[in-house]
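Here's the structure, in structure tokens; my notes come after.
Only heavy atoms go into these numbers, but all of them, side chains included; no hydrogens, no water, no symmetry mates. Throughout, protein chains are lettered first and strands after them, A, B, ... in sequence-line order, and every chain is numbered starting at 1.
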Amino acid sequence: MARAKFQAPKGTHDVLPPTSARWERLLATYATVVERAGFGLLQSPMFEDLGVFQRETEGADAVRKEMYDFVDKGGQHVALRPEGTASVVRAFVQHNPLTPWKVWYATPAFRYERAQAGRYRQHHQVGLEVLGSADPDVDVEVISVGWELLQALGLQQVELLLNTMGTSADRLAYVEVLRAWLVERRDELAEDDRDKVDTHPMRVLDSKRRATQQVTAHAPAIADHLSPESEAHFARVQEGLTARGIPFTLAPRLVRGFDYYTHTTFELVPTLVDNAQATILGGGRYDGLVEELGGPPTPGIGFGSGIERLLIACDAEGVFPAPEARIDVFVIDVTGGAEARDLTAELRAAGIRCDRAFDQKGMRAQMKGADRSGAPFAVIVGDQELADGVATVRPLRHDFDGDQPSAQQTVPRADLVAHLRDALSKDATE
RNA sequence: GUGGUCGUAGCUCAGCUGGUCAGAGCGCCGCGUUGUGGUCGCGGAUGUCGGGGGGUUCGAAUCCCCUCGGUCACCCCA
């Protein structure tokens with residue numbers, strides 16, 4: 001009877017080396033970008049009380065239908081987080097930090113849905129939030145940092161879509177105008193969109209169906225229903241982006257997934273990725289959310305960005321490749337392994353990244369391992385070197401000169417670390 | 001949740017309408033070089049033909065159904 005074989009659950013995936021090195025680098029890049037802008041890391045639990053995410057006013061599918069929720073052994077109803085913002089707001093309300101509170105995070109997010117390219121049941125997001133300031137310049141800063149992340153990754157073919165929802169009062173008023181307008185034209189809409197007129201009129205604007213798009217092309221626009229305050233806020237955001245040299249496209253039909261958004265909303269969309277799940281970074285302002293979670297009236301804004309989708313976009317542009325060599329030196333020991341054991345420890349203590357072969361493989365096999373490791377140098381210790389108190393340092397990266405292998409040197413063991421450091425710095429500058 | 005499509009060695013895939021169909025390339029391992037990576041040559045291993053269940057048949061990787069998974073679109077979102 002064959003034993004059952006397990007595999008990663010549907011919609012989840014393992015990231016193995018060397019691909020995982022891209023993840024490490026992406027996270028490091030993100031941390032650099034946000035920390036130089038004054039954001040600090042917020043580590044918060046991956047699950048929360050269900051109510052943190054599932055609020056009465058929230059109609060997003062991610063929260064209504066796709067939550068990974070369960071009752072724990074103590075009877076508490078909890079949920080794996082489907083998005084990053086609500087957790088941050090909960091932490092803000094709980095700890096009442098000084099404002100503006102600028103935090104960033106990197107976290108898995110869970111949604112029970114059918115997987116496809118760029119959409120998973122467990123995906124990973126980096127994001128940030130600023131709580132406690134209504135200044136439109138904060139909107140500009142948040143969008144700028146998102147933009148800088150993409151720049152740092154090397155992404156060029158990206159479009160910034162910008163919209164505003166106005167204040168929540170503007171939004172509510174507009175939604176009713178829109179609903180009334182749509183009700184009169186319900187029969188002209190694509191069949192699948194008709195129910196949304198009642199449940200989620202703004203989503204009708206976002207429909208991908210042609211029949212619906214033809215109708216909504218003339219629908220009332222939020223821009224015509226903004227209060228002077230909202231107009232001024234949005235104008236200042238646009239002015240700031242222009243001053244920063246960040247190109248944007250006004251997208252009056254841009255409808256973000258969560259209902260908590262007010263004022264500025266935005267998405268960054270890669271233009272070269274042709275699947276439907278393309279948005280790599282999205283966010284907006286949410287001036288009522290803190291109150292909904294029991295805090296004082298506090299404005300907030302942030303974005304989330306999907307790591308899997310960022311990498312898909314990088315692949316489409318051929319940028320941000322996986323890093324190459326993971327180690328500097330591969331130690332080869334044909335005297336039985338004790339030399340490799342001690343020498344790797346010595347080199348590592350000196351800050352030199354190194355690895356070795358195990359299982360007492362032959363010289364040839366160890367050299368193949370050295371070659372495969374990507375290390376620029378092999379350090380060879382055999383019986384002769386051991387007797388002489390030396391090691392052979394052999395460059396691996398230079399191409400063969402015809403059939404002649406690259407030149408190697410004999411180095412006294414006492415000088416080995418210094419020699420390798422010197423050789424490595426020369427190798428790095430080539 | 002709805003619909004389409006696919007699922008053969010670690011990877012990419014071939015296998016025509018059921019009867020040497022269990023294969024190729026790459027990768028991997030060994031040897032040529034008992035102390036030297038690439039290239040080259042020689043040799044080798046690997047799969048219950050994605051897993052399980054059921055059906056048709058003298059006979060199924062090959063046909064049908066269920067199930068699991070990938071993938072694409074919708075829904076929705078990062």
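- At A73(B), one or more side-chain N or O atoms of Gln116(A) fall inside 4.0 Å of OP1 or OP2 (strictly under the cut-off).
- Taking for each of Gly382(A) and Ser305(A) the nucleotide of RNA chain B with the nearest heavy atom, the 5'-most of the two is the partner of Gly382(A).
- The base-pairing partner of C26(B), taking Watson-Crick or G-U wobble contacts with both distances under 3.5 Å, is G10(B).
- Judged by distance alone, with hydrogens and angles left aside, Glu113(A) brings no side-chain donor or acceptor close enough to the base of A73(B) to form a pair under 3.5 Å.
- Side-chain contact, Asp170(A) with Ser230(A): a donor N or O sits under 3.5 Å from an acceptor N or O.
- Remark: the separation of the C1' atoms in A24(B) and U36(B) is 32 Å, to the nearest Å.
- Taking atom C1' on both nucleotides, A61(B) is separated from C76(B) by 38 Å, rounded to a whole Å.
- Ile332(A) has its CD1 atom 19 Å from the P atom of U33(B), to the nearest Å.
- Whole-Å rounding puts the Asp259(A) CG to C76(B) P distance at 12 Å.
- For the C1' atoms, the distance linking G18(B) with C63(B) amounts to 7 Å, nearest Å.
- Straight-line distance between the P atoms of C11(B) and U71(B): roughly 14 Å, to the nearest whole Å.
- Within 4.0 Å (heavy atoms only), Lys361(A) reaches no atom of the nucleic acid at all.
- Residue contacts shown for Gly118(A) include a base, since a base heavy atom lies under 4.0 Å away.
- You'll find a donor-acceptor pair under 3.5 Å spanning the side chain of Arg364(A) and the base of G32(B), going by distance alone.
- Within the nucleic acid shown, Arg256(A) comes within 4.0 Å of sugar-phosphate atoms alone, with no base atom in reach, counting heavy atoms only.
- For Gln366(A) against U36(B), a side-chain-to-base donor-acceptor contact under 3.5 Å is absent.
- A78(B) has no base stacking with the ring of His124(A) when judged by centroids under 5.5 angstrom apart and an interplanar angle below 30°.
- For U67(B), the paired base is G51(B) (Watson-Crick or G-U wobble, both distances below 3.5 Å).
- The NZ atom of Lys10(A) sits 13 Å away from the C1' atom of C72(B) (whole-angstrom rounding).
- Atom NE2 in His13(A) sits roughly 11 Å away from atom C1' in A78(B) (whole-Å rounding).
- Residue Leu205(A) contributes atom CG, which lies 16 Å from atom C1' of C76(B) at whole-angstrom precision.
- Side-chain atoms of Glu385(A) and base atoms of G35(B) include a donor and an acceptor less than 3.5 Å apart.
- Contact annotation: side chain of Arg119(A) to base of C75(B), donor-acceptor pair present below 3.5 Å.
- Ring-plane geometry between His124(A) and His13(A) is classed as perpendicular, the angle between the planes exceeding 60 degrees on a 0 to 90 degree scale with a lower cut at 30.
- The separation of G50(B) from A22(B), taken at their C1' atoms, amounts to 16 Å, rounded to a whole angstrom.
- Residue Phe258(A) is in sugar-phosphate contact alone, with no base atom involved, counting any heavy-atom pair closer than 4.0 Å across all strands shown.
- Comparing the P positions of U56(B) and U17(B) gives a spacing of 23 Å, expressed to the nearest Å.
- Put simply, CG on Asp388(A) is 16 Å from P on G35(B), counting in whole angstrom units.
- Within the 4.0 angstrom heavy-atom criterion, base atoms lie near Arg111(A).
- Here the nucleotide nearest the side chain of Lys368(A), chosen from G38(B), U36(B), C74(B), is G38(B).
- Judged by Watson-Crick or G-U wobble contacts below 3.5 Å, the nucleotide U57(B) has no partner.
- Among G35(B), C74(B), C76(B), the nucleotide with an atom closest to any side-chain atom of Lys196(A) is C76(B).
- Using a 4.5 Å heavy-atom cutoff, the side chains of Val33(A) and Phe39(A) are not in contact.
- OP1 and OP2 of C77(B) both lie 4.0 Å or more from every side-chain N or O belonging to Arg121(A).
- The residue Gly11(A) sits close only to the backbone: its heavy atoms come under 4.0 Å of sugar-phosphate atoms, none of a base.
- Among G35(B), C76(B), A78(B), the nucleotide with an atom closest to any side-chain atom of Gln125(A) is A78(B).
- Using a 4.0 Å heavy-atom criterion, one finds that Ile380(A) contacts the bases of the nucleic acid, with or without backbone contacts as well.
- The same atom, P, is picked in U48(B) and in U12(B); the two are 16 Å apart, to the nearest Å.
- Glu308(A) has its CD atom 13 Å from the P atom of A78(B), to the nearest Å.
- Annotation: of the two residues near RNA chain B, Thr279(A) and Val381(A), the 5′-most nearest-nucleotide partner is Val381(A).
- Judged by distance alone with a 3.5 Å cut-off, a donor-acceptor contact links the side chain of Arg309(A) to the base of C77(B).
- Using a 4.5 Å heavy-atom threshold, the side chains of Thr19(A) and Leu311(A) count as separate.
- Minimum atom distance to the side chain of Arg203(A) is reached by C76(B), of the listed G38(B), C76(B), U71(B).
- Contact of the Val204(A) side chain with the Val255(A) side chain is not registered, since no non-hydrogen atoms from C-beta on lie closer than 4.5 Å.
- Spacing between atom CZ of Phe266(A) and atom C1' of A78(B) amounts to 12 Å, rounded to whole angstrom units.
- The side chain of Arg372(A) places an N or O atom within less than 4.0 Å of a non-bridging phosphate oxygen (OP1 or OP2) of C29(B).
- No more than 12 heavy atoms of other residues, nucleotides or ligands shown are found within 6.0 angstrom of CD on Gln360(A).
- The base of G3(B) sits with one of its N or O atoms less than 3.5 Å from a complementary donor or acceptor on the side chain of Arg114(A).
- Inspection of the Arg90(A) and Ser44(A) side chains reveals no N or O donor paired with an N or O acceptor under 3.5 Å.
- Within 6.0 Å of the OH atom in Tyr112(A), the count of heavy atoms belonging to other residues, nucleotides or ligands does not exceed 12.
- For the P atoms, the distance linking U8(B) with G70(B) amounts to 14 Å, nearest Å.
- A side-chain contact (heavy atoms from CB on, under 4.5 Å) with Leu420(A) holds for exactly one of Asp415(A), Leu347(A), Asp427(A); it is Leu347(A).
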